[in-house]
Trainee: 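First the structure, which I've put down as C-alpha cells, then a few questions once you've had a look.
To find a chain, count down the sequence lines: A is the first, B the second, and so on, and within it residues start at 1.
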Amino acid sequence: MSEISKTYSAKEIESKWYQTWLEGGYFKPKKGKANDAFCIIMPPPNVTGKLHEGHALDATTQDALIRFKRMKGFEALWLPGMDHAGIATQSVVEKMVWEQEKKTRHDFEKEDFIKKIWQWKEEYGGIIANQQRLLGASCDWDYSMFTMDPEANEAVRKVFVDLYNEGLIYQSDYIINWDPVLHSAISDAEVEHKEVQGAFYHILYKVKGTDETLEVATTRPETLLGDTAVCVHPEDERFQKYIGKTAIIPICNREIPIIADDYVDTEKGTGCLKVTPGHDFNDFEIGQRHKLQIITILNKDATFNENGAPLQGMDVKAGRKKIVELLEEAGQLVKVEKHVHQVGHGDRSKAVIEPLVSKQWFLNVQEMSKRSVESVEKEQMKFFPKGWENTYFSWLREPKDWCISRQLWWGHQIPVFYCNDCDNQWASTEEESNCSKCNSSSITQDPDVLDTWFSSALWPFSTLGWPDEQRMKDKKFETFYPTTVLITGYDIIFFWVARMMMMGLKFTGKEPFHSTYIHAIVRDKFGRKISKSLGNGIDPIKTIEEYSADAFRFTLASGSGYNRGINLDPDRIVGYRNFINKVWNAFRFIHPVLEKSEAQLPELSKLDAHEKWILAELNTTAKTMNDSLEVFRFDEASMAIYQFVYDKYCSWFIELSKPILNGNDESKIIQRATVLKFVLKKMVALLHPITPFVTEELWSFIKDDKEDLLIIQDYPEYEEQFNFTKEQNEMNQFTEVITGIRNLRSSVNIKPSEEIEVQLFIDNEASTSYFKTNEESLQKMAKVNKLTIENKSNARPEKSIFMSTSHLDIFIPLSGVIDIEAHVAKLNKDLTKLQKEFDKYDKKLHNPKFIENAKEEVIAEVKFNHGEVSSKINALKENIELFNK
RNA sequence: GGGCGUGUAGCUCAGUGGGAGAGCAUCGCCCUUACAAGGCGAGGGUCAUAGGUUCAAUCCCUAUCACGCCCACCA
C-alpha cells in the first residue's frame with residue numbers, strides 16, 4: 001500500500017489506458033442493453049492547425065457524451081475526421097513555399113502545386129487527431145475521414161451533378177467579394193468589416209444640354225470611371241427636373257442617364273448618388289433593376305484596367321489620389337470631408353475586399369432553406385440551448401443564393417465540362433474525356449473549386465458511406481443516420497449547421513441529426529477572445545502535461561452548460577487538479593480494507609443510518625448526473641459529482657468510517673468496507689465520462705476479477721431502493737449539530753485538539769434516540785469528551801455558550817479560559833440578523849393582503865419561520881443575559 | 001442601423017415570484033496515521049440603474065446605462 005503515491009501522477013496512467021482502450025477495441029460501437037444507436041460526427045478540424053482550447057472543449061463535451069451513452073448501453077459511434085479547409089490550407093502552403101523557395105504558386109504547374117499541398121497534409125494533417133488522443137477522445141478511428149478523400153469526392157460530385165441537373169446550380173454574373181491577394185471570391189461571411197478613416201468627395205457632374213451640375217458625394221471617387229448612371233430619389237423635389245436627362249462623367253466625359261430609385265436616401269450625402277454596378281453591391285442591385293450596363297475597371301489584382309484609362313496600371317490607392325488631382329484640375333471637386341466608414345477586409349488575407357463582377361457558380365437554396373426552417377419549427381431538429389434557433393432562422397428565412405465557386409486550386413474541382421468545339425456544357429460524376437454531345441476530345445473542366453463548406457455540408461452522410469451502397473452497408477448507415485447530436489460552436493451555425501440541414505434533408509430526406517448542442521466559445525479569464533495577437537491562448541498540450549487531461553476536461557465540462565462563453569482561468573484548472581487528487585486519495589484511504597470488503601452489499605435493512613445516507617446521496621447524485629448529461633448540462637453534472645465527492649463521501653462518510661475501521665467489531669468493519677467500496681465504484685463510474693483516465697485506473701484496483709474495464713460498465717442510475725429520505729433528514733441534523741459545535745469552539749478560540757463537554761437539548765423522541773445511537777461518531781467528529789443528551793424542557797446550564805438549531809439547542813459549559821468578549825460580540829451580531837429576519841416575517845403576517853392572497857403553504861411556511869426565529873431570539877437573549885451578569 | 005445576449009460576493013459563474021448560492025481567491029486556527037494538491041471555521045453581495053405589475057420582485061414588464069457577439073451597411 002505504501003507504493004501508492006500520495007499525489008496522483010497522470011502521465012503514464014493516461015497513455016497506458018488510452019493504449020489499452022484502443023487496442024482492446026473499446027471505442028468501437030457495440031450493441032448494448034439500450035438497444036439503440038448513438039452517433040456523433042465530430043466537426044472536422046482544419047488540417048492546418050494544431051489543437052487549441054476550442055478543440056479541447058469540442059472533444060471534452062463530445063467524448064463525455066459518447067462515454068456516457070456507451071456506458072448506458074448504446075451502440076455509440078464517435079466519428080472523427082479532418083477538413084481540407086481550402087483557403088486556409090492553400091495559403092499556409094503558399095506561405096511555406098514562399099519562405100523556402102521564394103516562389104508563388106503561379107511558378108508551378110497546378111498539379112505540382114496541389115501535390116505539394118497533399119504532401120503538407122500527409123506530414124502535418126494528423127497533428128490534431130494525435131493530440132485529441134491525449135485528451136482521451138474515444139472515437140472510432142477506423143471511421144476517420146478527410147473531406148478530400150475519394151469517398152467524399154464521390155459524394156460531392158453526386159450532389160453537384162444532381163443539383164445541376166435539377167437546375168438549382170447555375171452560373172451567373174454576380175458582384176462578389178473579391179480578395180485581390182488570394183485571387184478568389186470569398187463569401188460574405190468571410191468578410192470582416194472594419195472602421196476606416198476615409199472621406200466624402202463631393203464631385204460635380206454636368207447635366208447635358210444645360211449649364212447645371214449635380215453634386216455627388218462618394219467615398220470612392222476612383223470608381224467614377226465605371227459609373228453607368230446618376231441616381232436620385234423619385235420624390236426628391238430638388239432633383240425631379242433632372243430625372244430622364246443625361247449626365248456627363250468628369251474626366252472621361254462619358255454620358256450616363258439620370259435615373260430615380262427608392263434606394264437613394266435624401267438625407268445622406270448630397271441626395272444624389274453615382275451608380276457603379278461593377279464595383280458596389282448596392283449599385284449592382286440598382287443596375288439590375290434599371291438594366292444598366294456594367295463596366296469593370298479593375299483587374300483581378302485590384303489595379304486599373306483599360307476601362308480605367310487614365311489610371312491604368314495603378315492600384316486603388318494611387319488611383320484615388322490621381323483622380324482627385326484630375327478632378328481638382330478640372331474644377332469639378334467641390335470639397336473633401338473626413339468620414340469614418342466601414343470597409344470590408346478579407347477574413348484571412350486582411351486585404352481590402354473589392355466588390356467585383358465575375359462569373360460564379362450559385363446554388364439556389366430557396367426551397368432547401370424553407371424545408372430546413374420547417375424542420376426546426378416542428379422540432380424535428382432541436383437546438384440546445386433553444387435560443388440559438390433564432391440565429392439559425394434569421395439566416396434561413398431570408399436566404400441568399402449560395403456562391404459555391406472559389407478561384408482556388410485546393411478543393412473539390414467543379415465537375416462541369418465545356419466542349420471547345422460545340423459549346424456544350426454539362427456536369428458529370430465521372431472524369432470526362434469526350435464531349436457528351438459531339439464526342440469531341442477537346443474539352444475542359446471548369447477550373448474553379450467548390451467552397452469548402454460544400455463538402456462540409458454533406459459530412460454527416462458522406463462519412464457514413466453515402467452514396468455508395470456497399471460502403472453504406474459497411475459503415476452501417478442505416479444504424480447511425482440520422483446521427484444523434486451535433487456539437488459545435490455558435491460561430492458556425494450559418495456556415496455549417498444550416499447547410500448540413502439543407503443538404504441532409506435534400507439528399508437523404510432526413511435531418512442529419514436530431515439535436516444540436518451549441519457550446520460556449522472559450523475565452524481568456526478576462527473574457528477576451530483567444531487570439532494569436534494577444535497571445536492569450538491556453539495550450540491544451542501544456543495544460544495536460546502540467547495538470548492532467550482529466551483536470552483539464554473537468555474544468556471545461558464544469559464550464560459548459562447553456563452559456564455562451566467560458567472564461568478560462570488557469571486557477572480553476574488547479575482547483576480541479578486538486579479534485580482529481582482528492583478522488584485518488586479517497587481510494588488510498590479505503591485501499592487497506594479492500595480485502596475485507598465483500599462483492600455484494602448486505603441486505604439493505606442491515607445497513608446503519610450513515611450507510612443508508614451515503615447510498616441515498618449517491619442515488620441523488622446519479623439522478624442529477626443522468627438528467628443533466630442528457631440535456632448537455634455538463635456544468636450541473638460536474639457540480640453534482642464534485643459536491644458528492646467532497647461534501648458527502650470524503651468530509652463525512654470517510655470521517656465517520658474511521659472509528660469503525662479502527663475499531664474491533666469485525667462484522668462492522670466488513671460491512672463498512674463493503675459500503676465504502678460499493679460507493680467508490682459507483683462514484684468512479686459516474687465520473688468516468690468526464691475524467692476517464694483516473695477513474696479507469698482506480699477501477700482496476702477496486703473492480704471484481706470478472707469485471708471488464710470501466711469504460712464499458714453500466715452507468716449508475718437512480719434506484720428507488722436507495723431512496724432513504726429519513727436517514728437523509730437525520731444526517732442533515734447530525735451535520736448541523738457537529739458544524740454548530742465546531743462553530744462554537746472556533747468562536748471562543750478553543751483549540752481544535754482540545755476535547756470539550758457538550759450538552760444537547762432536543763425537542764423530540766426520534767431525534768433523541770438517533771443522537772443516542774450515534775453518540776460516539778458525534779464525539780469523534782466534534783472532539784467531545786463528554787456528551788449529555790436531554791429533553792428541551794429540562795433546565796439549561798448556567799454559564800455556557802450556546803447555539804440553537806432547528807430541533808435542538810447546543811450548550812458548551814464554560815470551563816478554562818475562553819474569549820468571552822468575542823463570543824458575546826458574535827451573539828449580538830447573530831441577534832441583529834435574526835431580529836431583521838423576524839421583522840420581515842412579522843410584517844408579512846400582519847399584512848391582511850398577504851394573508852388573503854398568498855398560497856396556503858407559503859403562509860404556513862412564514863408562520864413556521866416566524867415561530868422558529870422568535871424562539872431562537874429568546875434563547876439567544878437569555879444567553880447574552882448570562883454573560884452580562 | 002437591425003437582431004441576439006449579458007450585468008448576482010474580489011474573480012469565474014449557477015439560480016429562483018415568497019428564507020441570496022457554488023468554486024476559486026481572502027482571513028483565522030490546525031502538519032488530526034487518505035489527501036497541506038489537505039482539514040476546520042469565518043468574513044464578504046441595495047442581485048447594473050430608474051420606474052411599473054403584484055400581498056410579495058434579484059426573478060415578470062418598460063425605459064436607461066454598460067459590455068459582448070452576430071448581421072447589414074450609408075453613397
Trainee: Please map the stems of RNA chain B, keeping only stretches of three or more Watson-Crick or G-U wobble pairs with both distances under 3.5 angstrom.
Mentor: B:1-7 with B:65-71, B:10-13 with B:21-24, B:26-30 with B:38-42, B:48-52 with B:60-64

Trainee: Just call it for C231(A): base, sugar-phosphate, or nothing, with non-hydrogen atoms closer than 4.0 Å on any strand.
Mentor: nothing

Trainee: So, does the side chain of N743(A) form a donor-acceptor pair with the base of G41(B) at under 3.5 Å?
Mentor: no

Trainee: Please check if the distance between the ring centroids of H233(A) and F239(A) is under 6.0 Å.
Mentor: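 Distance test on ring centres: not under 6.0 Å, no.
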
Trainee: Can a side chain N or O of Y576(A) be found less than 4.0 Å away from OP1 or OP2 on A22(B)?
Mentor: no

Trainee: Please answer whether the main-chain N or O of D283(A) pairs with a side-chain N or O of D280(A) as donor and acceptor at a distance below 3.5 Å.
Mentor: yes

Trainee: Quote, to the nearest angstrom, the P distance that separates G15(B) from G7(B).
Mentor: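 After rounding to an integer number of Å, I get 10 Å for this pair.
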
Trainee: Please work out which of the three classes, parallel, tilted or perpendicular, describes the rings of H202(A) and F200(A), given edges at 30° and 60°.
Mentor: perpendicular

Trainee: Checking contacts here: which listed nucleotide (C24(B), A75(B), A37(B)) is nearest the side-chain heavy atoms of T219(A)?
Mentor: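 Selected nucleotide (nearest to the side chain): A75(B).
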
Trainee: Find the distance N390(A):CG to C4(B):P and express it as a whole number of Å.
Mentor: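 In whole Å, C4(B) P and N390(A) CG are 7 Å from each other.
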
Trainee: Nearest nucleotide by nearest heavy atom, which residue falls closer to the 5' end of RNA chain B, I590(A) or R742(A)?
Mentor: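 Whichever sits nearer the 5' end wins; that is I590(A).
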
Trainee: Using a cut-off of less than 4.0 Å, is there contact between a side-chain N or O of N282(A) and OP1 or OP2 of C73(B)?
Mentor: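 Checking N282(A) against C73(B): no side-chain N or O falls below 4.0 Å of OP1 or OP2.
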
Trainee: For L778(A), which of I738(A), V758(A), L656(A) qualifies under side chain to side chain contact (heavy atoms under 4.5 Å, CB included)?
Mentor: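 The single option meeting the side chain to side chain contact (heavy atoms under 4.5 Å, CB included) with L778(A) is I738(A).
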
Trainee: For a quick check of understanding: with a heavy-atom distance under 4.0 Å over all strands, which category does T218(A) fall into, base, sugar-phosphate or nothing?
Mentor: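 Sugar-phosphate only.
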
Trainee: Please measure how far the C1' atom in G39(B) lies from the corresponding atom in A34(B), and state the result in whole Å.
Mentor: 12 Å

Trainee: Is there a donor on the side chain of E636(A) or the base of A22(B) sitting less than 3.5 Å from an acceptor on the other?
Mentor: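 No, the side chain and the base share no sub-3.5 Å donor-acceptor pair.
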
Trainee: Has E337(A) got more than 12 heavy atoms of other residues, nucleotides or ligands less than 6.0 Å from its CD?
Mentor: yes

Trainee: So does E857(A) have more than 12 non-hydrogen atoms from other groups sitting under 6.0 Å from CD?
Mentor: yes

Trainee: Need one value for I521(A): base, sugar-phosphate or nothing, where a base atom within 4.0 Å counts as base even if backbone is also close, heavy atoms only.
Mentor: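 Answer is nothing: I521(A) stays at 4.0 Å or more from every strand.
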
Trainee: So does K751(A) get a backbone contact from the side chain of R745(A), meaning a donor-acceptor N/O pair under 3.5 Å?
Mentor: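 Flag set: sc R745(A) to bb K751(A) pair under 3.5 Å.
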
Trainee: Among C70(B), C74(B), G18(B), which nucleotide has an atom closest to any side-chain atom of F494(A)?
Mentor: C70(B)

Trainee: Does W402(A) reach the main-chain N or O of R499(A) with its side chain, forming a donor-acceptor pair under 3.5 Å?
Mentor: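 Looks like no, no N/O pair under 3.5 Å.
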
Trainee: Considering only atom C1', compute the distance from A14(B) to U58(B) and round it to an integer number of Å.
Mentor: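 These two C1' atoms come out 14 Å apart once rounded.
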
Trainee: For R633(A) and G15(B), is the shortest distance between a side-chain N/O and OP1 or OP2 below 4.0 Å?
Mentor: yes

Trainee: Establish, with yes or no, whether the OP1 or OP2 oxygen of G39(B) is under 4.0 angstrom from a side-chain nitrogen or oxygen of K582(A).
Mentor: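 The answer is yes; a side-chain N or O of K582(A) sits under 4.0 Å from OP1 or OP2.
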
Trainee: Look at all strands and tell whether N563(A) reaches a base, only sugar-phosphate, or nothing, counting heavy atoms closer than 4.0 Å.
Mentor: sugar-phosphate

Trainee: Mind checking F587(A) for me? I need base, sugar-phosphate or nothing, with any heavy atom below 4.0 Å counting as a touch.
Mentor: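 The residue F587(A) makes no contact with any strand.
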
Trainee: Mind checking if T739(A) touches a base, just sugar-phosphate, or nothing, with heavy atoms under 4.0 Å?
Mentor: sugar-phosphate

Trainee: May I have the distance from F393(A) (atom CZ) to C71(B) (atom C1'), rounded to whole angstrom?
Mentor: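 These atoms are roughly 17 Å apart.
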
Trainee: Give a yes/no on whether any side-chain N or O of K274(A) is located under 4.0 angstrom from OP1 or OP2 of A75(B).
Mentor: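 The answer is no; no side-chain N or O of K274(A) sits under 4.0 Å from OP1 or OP2.
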
Trainee: List the steps and the verdict of side-chain hydrogen bond (donor to acceptor under 3.5 Å, both in side chains) for D227(A) and Y205(A).
Mentor: CA-CA 11 Å; D227(A) 285 357; Y205(A) 285 53; 2.5 Å; yes

Trainee: Given C24(B), G19(B), G39(B), which nucleotide is nearest the side-chain atoms of Y646(A)?
Mentor: G39(B)

Trainee: Between Y576(A) and Y642(A), is the ring-ring contact (aromatic ring centres under 6.0 Å, His included) condition met? List the steps.
Mentor: CA-CA 9 Å; Y576(A) 293 124; Y642(A) 185 96; 5.7 Å; yes

Trainee: Could you check how far CG of D236(A) sits from C1' of A75(B), rounded to whole Å?
Mentor: 14 Å

Trainee: Applying ring-ring contact (aromatic ring centres under 6.0 Å, His included), run through W388(A) and F383(A) and close with a yes or a no.
Mentor: CA-CA 6 Å; W388(A) 287 114; F383(A) 275 95; 8.4 Å; no

Trainee: Check every atom of C74(B), C30(B), A34(B) against the side chain of K751(A) and return the nucleotide holding the closest atom.
Mentor: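 Closest nucleotide to the K751(A) side chain: C30(B).
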
Trainee: Using only side-chain N and O atoms of K843(A), determine if any of them is under 4.0 Å from OP1 or OP2 of C55(B).
Mentor: no

Trainee: In whole Å, measure the gap between the P atoms of A9(B) and G23(B) for me.
Mentor: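 A9(B) and G23(B) have their P atoms separated by 16 Å.
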
Trainee: Sort out for me which residue in F634(A), F693(A), F579(A) forms a ring-ring contact (aromatic ring centres under 6.0 Å, His included) with F554(A).
Mentor: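 Exactly one pass, corresponding to F579(A).
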
Trainee: Roughly how many Å apart are U32(B) and C11(B), using the C1' atom of each and rounding to a whole number?
Mentor: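 Their C1' atoms lie roughly 32 Å apart.
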
Trainee: Classify F200(A) by what it touches in the nucleic acid, base, sugar-phosphate, or nothing, heavy-atom distance under 4.0 Å.
Mentor: sugar-phosphate

Trainee: If we take the C1' atom in both C65(B) and G51(B), what is their distance in whole Å?
Mentor: 14 Å

Trainee: If you find the nucleotide of RNA chain B closest to N585(A) and the one closest to G575(A), which residue's nucleotide is nearer the 5' end?
Mentor: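 It is G575(A) whose nearest nucleotide is closer to the 5' end.
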
Trainee: For the C1' atoms, the ones on G43(B) and on C29(B), what distance do you get once it is rounded to whole angstrom?
Mentor: 15 Å

Trainee: Take atom OH of Y392(A) and atom C1' of C71(B), then tell me their distance rounded to the nearest Å.
Mentor: 18 Å

Trainee: Measure the distance from OH on Y490(A) to P on C71(B) and round it to the nearest whole Å.
Mentor: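 These atoms are roughly 11 Å apart.
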
Trainee: Would you say C30(B) has OP1 or OP2 under 4.0 Å from some side-chain N or O of S746(A)?
Mentor: no

Trainee: Identify whether any heavy atom of N662(A) sits under 4.0 Å from a base atom; if not, whether one sits that close to sugar-phosphate; answer base, sugar-phosphate or nothing.
Mentor: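 Contact class for N662(A): none.
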
Trainee: Considering just the side-chain nitrogens and oxygens of R572(A), establish if one lies under 4.0 Å of OP1 or OP2 belonging to C24(B).
Mentor: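 False: R572(A) side-chain N/O out of range (4.0 Å or more) of C24(B) OP1/OP2.
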
Trainee: Could you check whether S651(A) gets within reach of a base, just the sugar-phosphate, or nothing at all, counting any heavy atom under 4.0 Å?
Mentor: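 Contact class for S651(A): sugar-phosphate only.
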
Trainee: Please confirm whether the shortest side-chain N or O distance from N853(A) to OP1 or OP2 of C55(B) is below 4.0 Å.
Mentor: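 Yes, within the criterion.
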
Trainee: Look at all strands and tell whether G271(A) reaches a base, only sugar-phosphate, or nothing, counting heavy atoms closer than 4.0 Å.
Mentor: base

Trainee: Taking only the side-chain nitrogens and oxygens of K658(A), find out if one of them lies under 4.0 Å from OP1 or OP2 of A34(B).
Mentor: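 For A34(B), OP1/OP2 do have a side-chain N/O of K658(A) under 4.0 Å.
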
Trainee: How would you label the contact of N581(A) with the nucleic acid (heavy atoms, under 4.0 Å): base, sugar-phosphate, or nothing?
Mentor: base

Trainee: So what does V264(A) hit on the nucleic acid, given a heavy-atom distance under 4.0 Å: a base, only sugar-phosphate, or nothing?
Mentor: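 Base, at least one base atom sits under 4.0 Å.
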
Trainee: Is any side-chain N or O of K840(A) closer than 4.0 Å to OP1 or OP2 of A20(B)?
Mentor: yes

Trainee: What is the nucleic acid contact for F838(A), judged by heavy atoms within less than 4.0 Å: base, sugar-phosphate only, or nothing?
Mentor: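 F838(A): no heavy atom of the nucleic acid under 4.0 Å.
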
Trainee: How many Å lie between CD on E655(A) and C1' on C30(B), as a whole number?
Mentor: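 Those two atoms, CD and C1', are 14 Å apart.
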
